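Working notes for the structure below.
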Amino acid sequence: MKFSAFCLTLLVCMLLLPSYALGAESPSGINLYMNEKKLVSNEVQPRIVSGNTIVPVRIIVEEIGAKVSWDETTRKVTIVKNDVNIELVIDSKTALIKGKKESLEVAPVIEKGNTMLPLRFIGQFLGIEFKWDSLTTSVHMFKKDDSDSKPVTGPIDDEENHDHGEVTPPKPPTTGTGTGTKTPDSSVHLLTSIELSDKDLVVNAKDGSLVPTIMKLSNPNRIVFDFPNTTLDDSLQKLLVNNAGELPSKHPLVQKVRFSNFTDNPATVRIILDLKGTADYHAQPTKLPNQWTASIGEHQLTVVIDAGHGDQDPGALSITGRHEKDFTLATAKKVESLLLQDKRIAVLMTRSDDTFIPLDDRVSFANNNLADLFLSIHGNSAKATISGTETYYNRPESMAFANVIHKNVVAAAGFADRKVRQADFRVITKTTMPAVLVEVGYLSNKNDESAMYKEAFQDKVAASIAAAIKEYLNLK
Ligand SMILES: [Zn+2]
């Protein structure tokens, strides 16, 4: 993944980006990366308008050291970067670039006080190359080198770099007392401890929240964790020899732990686990906001099973007065126990009892655990004559999983085939992995309902779901 290999031409991007937006729904949860650093926009999210990804302009221009200003009376946005001066007017498709008129496919708009601009436009005139990754619904942007760009993160994506020098940056970072064009994105937090037990890697900070970017690299096999906006505290700093620290490992799969202040600007602590053979990580929920922990173990695929509804949210009321939440939980638990028989799969349940879990918590549970798949189980409701199985997905990368689930569940349930459909249910929209919601049958239909509360039927459907998951994950 050398930088140059990523660089597609703008032409290719123009072909790729609109094709993603063919679906009726505008997909949400687009991730933005600049030189592989995740950009976080708290107020507004990137989205797709008329086939163009529009993004909050401020986080991008600040990231590349440009200046942006806003004139309220003329509703004019001015972006200045070196000798490039761009003037845009909200809701106008005409822009001035170095004094010359250019037209935009999508006019800039204001959303919650943020100017939203087409990514393609920004790329074209600010020298940013980008690549669309449909698997993760991410836009990876790369700033072309220019005179005042600093040497950044070093061999951060260096599968070809087999030496162990990666724990330290290739050049000493610049002191950064310069032009003042660079706006630090947020404050730097002190990392206070790095511990690897025989199971888990646990990293603590004095404050702030820890969200690393993680890479698995081979030759030699290692897992690299970069913690943005962090620096080592004195106790860890003392352990550094030539800017790199080393900790012995008690973990059966890990040779040793290395760490460093990988870059000072932006402040990034890098932790590397040198593996004995192969291993995988699974981020674990933590009790403390300023702690991050991952279990390190044999390679496993993580599947989140989501039993719809729960507690005060009973879901649909069936034709005989039973609750949807009971059907979903019973079936989900059967899927869980079937999948747990396969050691290659880690199963995470959004709920295992009659608990109320808000939709967004189900989503963040799956996202934070870096799940590979998400499946939500539901029972449908409409007028009594409607019967059958429906399977829903939202993001294009979930469609293949939806097809496999649907094929298996339809065969097992024996109800009418009401097809795979696209919808914007929150749990399948906001999740970041292939995510599917299956409506096994209609609780409002006499025939469907009487089957759906039978143990043998639930066993059969659960087996079909487990088989579909394995089929999709290619686990024979
Ligand atoms: Zn439901």
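The shown structure was predicted, so the numbers you read here are calculated from the model rather than taken from an experiment. As a basis for the values below, the full set of heavy atoms in this structure was taken, side chains included, without hydrogen atoms, waters or symmetry mates.
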Can you give me every donor-acceptor pair (side chain of residues 305-313, partner residue at least two apart or in another chain, under 3.5 Å) with its distance?
| residue | atom | partner | partner atom | Å |
| --- | --- | --- | --- | --- |
| Asp306 | OD1 | Thr350 | OG1 | 2.6 |
| Asp306 | OD1 | Arg362 | NH1 | 2.8 |
| Asp306 | OD2 | Ser376 | OG | 2.7 |
| His309 | ND1 | Asp313 | OD1 | 3.1 |
| His309 | ND1 | Asp313 | OD2 | 3.0 |
| His309 | NE2 | Glu324 | OE1 | 3.2 |
| His309 | NE2 | Glu324 | OE2 | 3.1 |
| His309 | NE2 | His378 | ND1 | 3.1 |
| Asp313 | OD1 | Gly315 | N | 3.2 |

Any side-chain heavy atom of [X] sitting closer than 4.5 Å to one from [Y]?
X	Y	result
Leu370	Thr302	no
Ile377	Val335	yes
Val188	Thr230	no
Tyr392	Val438	no
Thr389	His406	yes
Asp326	Leu329	no
Pro434	Phe374	no
Val224	Ile214	no

Does [X] reach the main-chain N or O of [Y] with its side chain, forming a donor-acceptor pair under 3.5 Å?
X	Y	result
Ser387	Asp448	no
Thr231	Leu190	no
Asn367	Lys430	yes
Thr286	Gln291	yes
Asn445	Ala384	yes
Ser398	Ala435	yes
Thr391	Ala402	no
Asp361	Ile357	no
Arg222	Pro220	yes

If you round to the nearest 0.5 Å, how far is [atom2] of [Y] from [atom1] of [X]?
X	Y	atom1	atom2	value
Glu246	Arg258	CD	CZ	7.5 Å
Leu288	Thr293	CG	OG1	10.5 Å
Leu201	Ile223	CG	CD1	9.0 Å

- Message: If you count heavy atoms of other groups shown closer than 6.0 angstrom to NZ of Lys276, is the number above 12?
- Response: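 Above 12, so yes.
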- Task: Flag yes if more than 12 heavy atoms outside Asp353 fall under 6.0 Å of its CG atom; otherwise flag no.
- Result: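 For Asp353, atom CG is crowded (more than 12 foreign heavy atoms under 6.0 Å).
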Cut-off 3.5 Å, side chains only: do [X] and [Y] have a donor facing an acceptor?
X	Y	result
Asn243	Ser260	no
Asp280	Gln300	no
Asn380	Tyr442	yes
Ser193	Asn204	yes
Arg395	Thr432	no
Thr268	Thr263	yes

Is the shortest side-chain N to carboxylate O distance from [X] to [Y] below 4.0 Å?
X	Y	answer
Lys325	Asp354	yes
Glu455	Lys334	yes
Glu449	Arg322	yes

- Sorted by first residue and then second, give each ring-ring contact (aromatic ring centres under 6.0 Å, His included) pair with at least one member in residues 456-476; sequence neighbours left out.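 Non-adjacent pairs meeting ring-ring contact (aromatic ring centres under 6.0 Å, His included): Phe401-Tyr472, Phe415-Phe457.
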- Would Lys256 and Asp274 count as a salt bridge (Lys or Arg N to Asp or Glu O under 4.0 Å) if you check the C-alpha gap in whole Å, the side-chain angles of each, and the deciding distance to 0.1 Å? CA-CA 5 Å; Lys256 62 178 185 299; Asp274 289 309; 3.5 Å; yes
Taking all heavy atoms of [X] and all of [Y], pick out the closest pair and write down the distance.
X	Y	value
Ala468	Val404	O-CG1, 3.4 Å
Leu338	Ala466	CB-CB, 3.9 Å
Asp233	Ser235	OD1-OG, 2.8 Å
Phe327	Met452	CD1-O, 3.0 Å
Ala330	Gln458	CB-OE1, 3.4 Å
Lys250	Asp198	O-CB, 3.9 Å

- Results of salt bridge (charged side-chain N to carboxylate O under 4.0 Å, His left out) for Asp342 - residues two or more places apart only: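 Result, salt bridge (charged side-chain N to carboxylate O under 4.0 Å, His left out) vs Asp342: Arg344, Lys470.
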- Leu253: partners by side chain to side chain contact (heavy atoms under 4.5 Å, CB included), with sequence neighbours left out: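 Residues passing side chain to side chain contact (heavy atoms under 4.5 Å, CB included) with Leu253: His251, Ala279, Glu298.
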- Among all residues two or more places apart in sequence or in another chain, which pass the side chain to side chain contact (heavy atoms under 4.5 Å, CB included) test with Lys383?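 Lys383 satisfies side chain to side chain contact (heavy atoms under 4.5 Å, CB included) with Thr385, Ile386 only.
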- Out of Val363, Leu437, Leu375, which one pairs with Ile428 under the side chain to side chain contact (heavy atoms under 4.5 Å, CB included) rule?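 That would be Leu437.
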- Task: For side chain to side chain contact (heavy atoms under 4.5 Å, CB included), just list the numbers for Ile465 and Asn408, CA-CA rounded to whole Å, side-chain angles, deciding distance to a tenth of an Å, and then say yes or no.
- Result: CA-CA 7 Å; Ile465 289 172; Asn408 283 265; over 6 Å; no
- Message: Run the side chain to side chain contact (heavy atoms under 4.5 Å, CB included) test on Leu196 and Ile296 for me, step by step, so that the C-alpha distance in whole Å, both residues' side-chain angles and the decisive distance to 0.1 Å come before the verdict.
- Response: CA-CA 9 Å; Leu196 179 70; Ile296 309 296; 4.2 Å; yes
- Task: Scan residues 199-208 for pairs that pass salt bridge (Lys or Arg N to Asp or Glu O under 4.0 Å), counting only residues two or more places apart or in two chains.
- Result: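 Salt bridge (Lys or Arg N to Asp or Glu O under 4.0 Å) check on residues 199-208 returns no pairs.
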- Message: What verdict does the side chain to side chain contact (heavy atoms under 4.5 Å, CB included) test give for Asn474 and Lys476, after you've listed the backbone C-alpha separation in whole Å, the side-chain angles of each residue and the deciding distance to 0.1 Å?
- Response: CA-CA 6 Å; Asn474 237 327; Lys476 298 277 176 328; 3.0 Å; yes
- Task: Could you check Phe227 against Ile271 for side chain to side chain contact (heavy atoms under 4.5 Å, CB included), going step by step and ending with a plain yes or no?
- Result: CA-CA 8 Å; Phe227 292 84; Ile271 299 172; 3.6 Å; yes
- Task: In sequence, state the C-alpha distance, the side-chain angles, and the governing distance for Thr328 and Arg351, and then conclude on side-chain hydrogen bond (donor to acceptor under 3.5 Å, both in side chains).
- Result: CA-CA 10 Å; Thr328 63; Arg351 67 182 182 101; 3.2 Å; yes
